[in-house]
Amino acid sequence: DYADRRAEAVHMFELAIEQADRLGHWSAAAEAWGNKAIALMYLNRLTDSVAASRRAIECGQRAGSERGNLLIDEMTLIGS
């Protein structure tokens, strides 16, 4: 069942986010938050997806990411 796999993916992204935050790896945290946002969107958890997209953007900004990377997360946010 895809819902079970996506719920498991959300959990794995949470573990990755926790580790990246602890180590200050903001680019990795941004990527994990963005992936979590997509998984949450497919689980129809739109409020959580929007919040995760915003965190991805924040982490990307902390990492000094190029505008192109942030645009992808902003597009996910718009799609949620």
Side-chain angles (χ1 to χ4, degrees):
D1 179 303
Y2 286 116
D4 290 340
R5 294 176 103 179
R6 289 188 174 117
E8 183 179 338
V10 168
H11 175 69
M12 297 307 295
F13 293 133
E14 288 170 348
L15 295 175
I17 290 164
E18 181 182 313
Q19 183 176 15
D21 282 349
R22 187 176 68 250
L23 297 172
H25 295 167
W26 304 119
S27 184
E31 185 173 343
W33 275 112
N35 289 331
K36 180 180 175 182
I38 293 167
L40 289 167
M41 184 177 61
Y42 280 112
L43 289 169
N44 204 31
R45 293 175 49 190
L46 300 183
T47 301
D48 294 333
S49 177
V50 168
S53 292
R54 288 191 173 127
R55 287 299 310 266
I57 293 166
E58 291 169 10
C59 289
Q61 290 171 335
R62 279 185 93 169
S65 292
E66 294 296 320
R67 182 76 185 145
N69 293 338
L70 295 176
L71 183 60
I72 293 168
D73 292 320
E74 289 171 351
M75 289 171 52
T76 301
L77 182 61
I78 290 168
S80 294

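Worth knowing before you read on, the calculation uses all heavy atoms, side chains too, and leaves out hydrogens, waters and symmetry mates.
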Show me the donor-acceptor pairs, under 3.5 Å and distance only, between side chains in residues 39-46 and residues at least two apart or in other chains.
residue : atom : partner : partner atom : Å
R45     : NE   : D48     : OD2          : 3.1
R45     : NH2  : D48     : OD2          : 3.0

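Applying the 4.5 Å side-chain rule to ILVMFWY residues, one finds M12 in the same cluster as L15.
Contact record, A37 with S49: O-OG, 2.8 Å, taken as the closest heavy-atom pair. Nearest heavy atom pair, residue W33 against residue C59, reads CD1-SG, 3.8 Å.
Annotation: side-chain contact (heavy atoms from CB on, under 4.5 Å) contacts of A9 (sequence neighbours excluded): F13. Take A20 and apply the side-chain contact (heavy atoms from CB on, under 4.5 Å) test, not counting sequence neighbours, and it matches H25, A28, A29. With sequence neighbours left out, Q19 forms a side-chain hydrogen bond (donor to acceptor under 3.5 Å, both in side chains) with no residue at all. For the salt bridge (Lys or Arg N to Asp or Glu O under 4.0 Å) test, no residue two or more places apart in sequence or in another chain qualifies with R6.
Listed by first and then second residue, the salt bridge (charged side-chain N to carboxylate O under 4.0 Å, His left out) pairs that reach into residues 7-19 are E14-K36, sequence neighbours excluded.
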